[in-house]
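Each residue takes its place number in the sequence, starting with 1.
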Amino acid sequence: MSYNSTLDGFCGSKFWDSNLTWYTDSPELTPCFQKTVLIWIPCLYLWVTALFDMYYILHSKERNIPWNLLNISKLAITCLLIVVKFVDLGVTVHNSSQDDSIVYNADYYSPIIKIFTFGLSATLLYYNRKFGMRASGVLFFFWLLLILAGLPQLRSEVIRHYQMEDDENVKYNFISYMVYYPLIVLMFILNCFADLPPKDTPYKYEKNQCPESASGFPSRLTFSWFDPLALTGFRRSLTDNDLWALNPPDSSIEVVPRFDKFWERSLMKREDSNGTKATYSKTSASVNFKPESEKQPASILPALCLAFGGQFLFGALLKLINDTLMFLSPQILKLLIGFVEGNEPDWKGYLYAIALLACATIQTLLLAHYFTRMYLVGMRIRTALTSAIYRKSLRMSNSARKESTVGEIVNLMAVDAQRFIELTAYLNMIWSAPLQIALALYFLWGILGPSVLAGLAVMIILIPVNGLIANRVKTLQIKQMKYKDERVKLMNEVLNGIKVLKMYAWEPSFEDQVLKIRNKEMNVLKQTAYLNSATSFIWSCAPFLVSLMSFGCFVLVNDTEVLDSKRAFVALSLFNILRFPLSMLPNVISNVVQTSVGIKRLNKFMNSDELDDSAVEHDPKEPNPLLIENGHFSWGAKDSDPVLKNINLHIPRGSLVAIVGAVGSGKSSLLSALLGEMNKVSGRVNTHGSIAYVPQQAWIQNATLQDNILFGKPLDKHKYNNVISVCALKTDFDMLPGGDQTEIGEKGINLSGGQKQRVSLARAVYYDADNYFLDDPLSAVDSHVGKHIFDKVIGPNGLLKSKSRVWVTHNVSYLAQTDLVIVLRDGEVSEAGTYQQLLEKKGAFAEFLLHHLSDAERTSPEELNEIKQDLETKLGSEFHNKLQRARSLSESNSESDQTAAGDRAGSVKRRTPDDVTQNELKEKNKLIETEKTETGSVKWGVYKHYLMSVGVLASVVTVLMNLVLQVFQVGSNYWLAEWSNDETMIVNGTVDTNKRDMYLGVYGGLGIGQAISSFFADLMPYLACWRASRYIHALLLDNVLKAPLQFFEVTPVGRILSRFSKDIDVVDTLLPSQCSDVIYCAFEVLGTLFVISYSTPIFLAVIVPIGVVYYVIQRFYVATSRQLKRLESVSRSPIYSHFGESITGASTIRAYGVTQRFIKESERGVDHNQSCYYPSCIANRWLAVRLEMIGNLIIFFAAVLAVLGRETINPGLVGLSISYALQITQTLNWLVRMTSEVETNIVAVERIKEYAETEQEAAWTIAGSGPGSTWPETGALQLERLSLGYRAGEPALRDLTCAVPPRDKLAIVGRTGAGKSTLTLGLFRIVEAMSGKILIDGIDISTIGLHQLRSRITIIPQDPVLFSGTLRMNLDPFEAYTDEQLWRSLEHAHLKNFVKGLPSGLLHEISEGGENLSVGQRQLVCLARALLRKTPLLVLDEATAAVDLETDELIQKTIRSEFASCTVLTIAHRLNTIMDSTRVMVLDKGQLVEYAPPEQLLQDKNSIFYSMAKDAGLVN
């Protein structure tokens, strides 16, 4: 052997001696091997891996860790080591100068190599300190390797010292080594700790810093630095303050610019490759040489790869090492079985056991860090994409913005960007799975030869079968999603229209409709359950079928070879390795496909058109601050028709310009053109100075009122109070529970329209800009408030008098006070001039004035007299007719403005006494109860509830099936062990065929049993959970529909809906698979423990301590991880709502020029979310490392016990127990994951249970005691000392007593909040009487069932509520009437011609909320409903929504003619419609004050009714 001989010469002794090292009871390495290989390996390692440290040093942004005890002592010891080696070298040189001793090269080289390497390590130490690296993995492993490589020499030195004490050389070597070895051990210990934090750092650390950087390398390896958080989470619920700040390199500040750099680059490339792009000139439009559609969109993929590829590749390297190590275990297993069979010395057995442990441990650590790396890359990608999408959405042009809804854009962020996180972890499977399969097959070929191909064939056949099933499952999932969406949509309508449903007693019909959809959904789920079981059946059979085919083939083909335990179990463990990559590949591929679709969508979005920043110039030299010359503007693409044509505007500084015109004439567009929101086709726009913009639809953020007004400016108390008072917000703030600290819901949901507009105006005023664009800010406010605001803010003496104001308005009364009036018509300026000049012209302006007179008249008649006169002189007599008609219309509007909320608004907004503290105030006036989030572990009651829903029998059967499955599985493997141990198989050199066939047959039989039982074991839990979810949903639906109306008033619809969508979805789709997994894994673990204990009974002693440790870890993890998940999902929704909000308010954000601030806010939200997400990733790895270590210990003990019991145990059982133990790590890990998932998701059952146990209203029908079928015959109504009230407060109606004779027409009037609507609610028992009673036809309504009552009274509600479905269903959901009756009712309701004209007639589909009918038509449909039921008692809650005059007259006429024979109660908002009623009931502050015919009340000048009539202009 030449190789040996050269090294022999190099050392002067033998390099390798097998007899000394391997075939002996006391193994030793030759001195030459110790001097060369054991010294070279650690040194070579350091020289290679130093490159990693170099990379970190070069890329580090931190500097200068202060000198301290730790790094000084490290340097000192390293120098000492160099000194020791120099002394060694000196002694060697000295020895060589002696005549009698020959010194070989090896003796020179080893100290020299060490000196250089220690020098390198000292250099690394110094630079690590200088560049802020607190712990170096490279050095940690270097010292560890030195210690391990030094062990043999330590042993040799000690032995030699004992044998030859007198030899000078031996003595010196011993002493020098005894100095050297403790020093390297000490260095290793010092390298376990981290250095101090660096002094100079560019990062600002916010709250508690992540302990990772402060922890030593071993702690990082095993994630021990996570322990404190796990402990905290176990002791109490975690809050935001417990979490660490993100590591600076993962935060937006670092990640976003990095991605941007590469993204900009790819955009530039795209520009270059797409040829020239035309420039914009000042006057002409742009010329585009290349049509937009042909442009190659820039892709985000290259940018992502360049920005985050480095980390990813490092992770991939870890994965590669792990994959190769995977195949080491089966080889060691082979040696171990050989060891048990043969009679080798004991130390080899222990060596194999330790090798198994080491191999498994290294794999564990590699995988954990691989996943951490991947998740970090995923997080960074998500941060980068979220930020990029957000910024793009603020820059999009309007045409691009129209292409996608807000929801779709939010989805890009929520779904597509999120998908990267999930994908990165598994992306490497694309190369790793084929690699694992190839390696496994290579090793299997070595064991079984060509027979492997039989097994492989089975696997290959199963993949497409699985693919087919997966596709089918996918189509079913899409179907299920469709049904789920339908069901949730219907539920949404039901919940939104619940009041109407209750009044009509229509709940049963809608319950049936929901259940019908639910049943379709359940059928799909049932099919899915069968398919899922089929899949799992295939996968649990696959490994077995493969081994059966391979082993069968092997024994049938070879006459001379037998299946011994070495072959059988090594092959078995290799087949087990094959399972994972084969099952993962299809998933990964489909995930990659999904992500690539996501990337396409992101690319389309990221390449969409942006607003042209250069469209509006900002030249400060222009004399007028706002100017448009020859402007043509369009919405949408460059070539679409211009909306505004020939616009010329010059607005001098400080002037007030009013823009008026009919609806749709382009007033708001003109403001958008000035803001640069429109596409400038041609012309020039110039603005200088800052801008404040009040849009027509006020845009309110989800923040406190104060934040909405300050809008990022610092608070100046004096200025702020001034702004509030001029914008008339003072009183509103006093009414609100928290004053200006009141949190405003999304889209300003808890403010009225007028309040929203005033807040929006206050924001603009506080912003203190130079130019104001006001888009009709007074449209939603009452007239006197409008006047106040005009005088104090907008007008010539207002707060803004020195600013330039462009004011779009419909308010005629103030036009006289403006500097310039511009009249728009069809996108062109038809007239412009001062108010007086325009009146002279009698043109478009005069017409416009007439239009708006009636509106303004009721609000402030005095001011309008002059305008009236002006117009009368110009128009003559027709003026009066036009005005009269317009008048009665506007009348109805006035009532609805005052309080939209009706009666309840009055009760909530009472001022509270001053001594109540702010917080109590906030709590007291919370209309909406806060949602309960459950903390801590889920109660047993919930599990019990779920199990009862599942059914006891089903639960027992499931457990039994799993038991049977394990019996078959263990049985077949045990049989394999028996078979492989049979010594008597070979008779005279050939195989005994009878015995062989017997073994093979039983093995196959057991396998078939295993297959069948696995199918049922999987199907049972699915079907059981399926039953449970069906039952749970039905219960929830029934109870929610039976809840009283108050429940819906204090519970937001969204919250109830999320029970029906998200929580039911969890119960439908997630829980079944998780439950089945938990049961399966639990039994698999039990099976494994049984097998090991059976083969080595002493193992039972180990189980208990390991079990305890396992349980402790699991409890810690579950508690902490559940909290982290909860925090993460809580912190995720603000990102999306802020994003949705920003898209809707994009034009406002751009107008104010606060884009940067919003981007920062969004990034802060993302960072906060990531700081919740990162710990939960770490928690996963923390768990994995600990659990897998337990698994590794189980492997180790199984092996050690096999070595100890080698005399008594047969090799087959060793193979069996260890190949089982090798699988346990994965199973244990999965078991904890799944139990914690079940614990997390069972919360869904808890939340549903909470709503399925709400208090119920009275029974719908009371059997036996119901009134006759014709009741009520006459519709006579008596109220006896009736008091009604909401919740437990004071009554809204007190002591009402009156009688309404049959066929009377009673009008109920009163100011807002007097209790008019409460009375109708009492009639329908929506509100139960506190005292007193209501009699209809002599029957006390509280004694009968709710539906018996509600279905016999008819109501025409105030706001017409329609449900999506056919028109027929909207009229008659129970299908109780014939088509003929329906047509008759439509005819009387004046809808017959309209419905006849529809293509599908009565089956006309009505969209959600009746959107595809006009308001008037909806009102008429409600009338048709009433006509159809035609009961003797009709309640008419008059519409406040402005119905056009014609519709209104039709309704009045029909009611008078059709319901002449009924008792009609009208709640009047407009007095002119009720002047002909037989009686009027006047309510005031919840009491009956007047009750008489209207004529009689009008005689009395002091009556409330008279004063109301006077206000309405009905008496002169």
### Message
Check this for me: E831, atom CD, are more than 12 non-hydrogen atoms of other residues, nucleotides or ligands nearer than 6.0 Å?
### Response
yes
### Query
Residues two or more places apart in sequence or in another chain: which of them pass side-chain hydrogen bond (donor to acceptor under 3.5 Å, both in side chains) with D260?
R391
### Pairwise side chain to side chain donor-acceptor pair (under 3.5 Å) hits with a residue in residues 620-630, at least two apart
E622-R684
### Query
Taking the six-membered ring for Trp, is the centroid-to-centroid distance between W807 and F790 below 6.0 Å?
yes
### Task
Sequence neighbours left out, what pairs pass salt bridge (charged side-chain N to carboxylate O under 4.0 Å, His left out) with at least one residue falling in residues 707-723?
none
### Message
Holding to salt bridge (charged side-chain N to carboxylate O under 4.0 Å, His left out), I want the full list of residues that pass it with R653, two or more places apart in sequence or in another chain.
### Response
none
### Message
So, using side chain to side chain contact (heavy atoms under 4.5 Å, CB included) as the criterion, who are the partners of S668 when residues are at least two apart?
### Response
Q696, D775
### Task
Check for a donor-acceptor pair, side chain of K392 on one end and backbone N or O of S608 on the other, with a separation under 3.5 Å.
yes
### Task
Decide if atom CD1 of I253 counts as having more than 12 heavy atoms of other residues, nucleotides or ligands within a radius under 6.0 Å.
no
### Query
Listed by chain and number, what are the ring pair (Phe, Tyr, Trp, His ring centres under 6.0 Å) partners of Y390, not counting sequence neighbours?
H1138, F1139
### Summary
Sorted by chain and number, sequence neighbours left out, salt bridge (charged side-chain N to carboxylate O under 4.0 Å, His left out) with D826 holds for none
### Query
Is any side-chain heavy atom of M678 closer than 4.5 Å to a side-chain heavy atom of L644?
yes
## Note on the structure
Hits for side chain to side chain contact (heavy atoms under 4.5 Å, CB included) against D819, two or more places apart or cross-chain, chain-then-number order -> S655, L656
### Query
Backbone N or O of D619 within a donor-acceptor pair of the N686 side chain at under 3.5 Å?
yes
### Pairs flagged by salt bridge (charged side-chain N to carboxylate O under 4.0 Å, His left out) wherever residues 792-805 is involved - sequence neighbours left out
D768-K803
### Message
R1157: which residues meet the salt bridge (charged side-chain N to carboxylate O under 4.0 Å, His left out) condition with it, sequence neighbours left out?
### Response
E1161
### Task
Sequence neighbours left out, what passes ring pair (Phe, Tyr, Trp, His ring centres under 6.0 Å) with Y1152? Give chain and number order.
F711, Y767
### Message
Restricting to ring pair (Phe, Tyr, Trp, His ring centres under 6.0 Å), what partner residues turn up for F605, sequence neighbours left out?
### Response
none
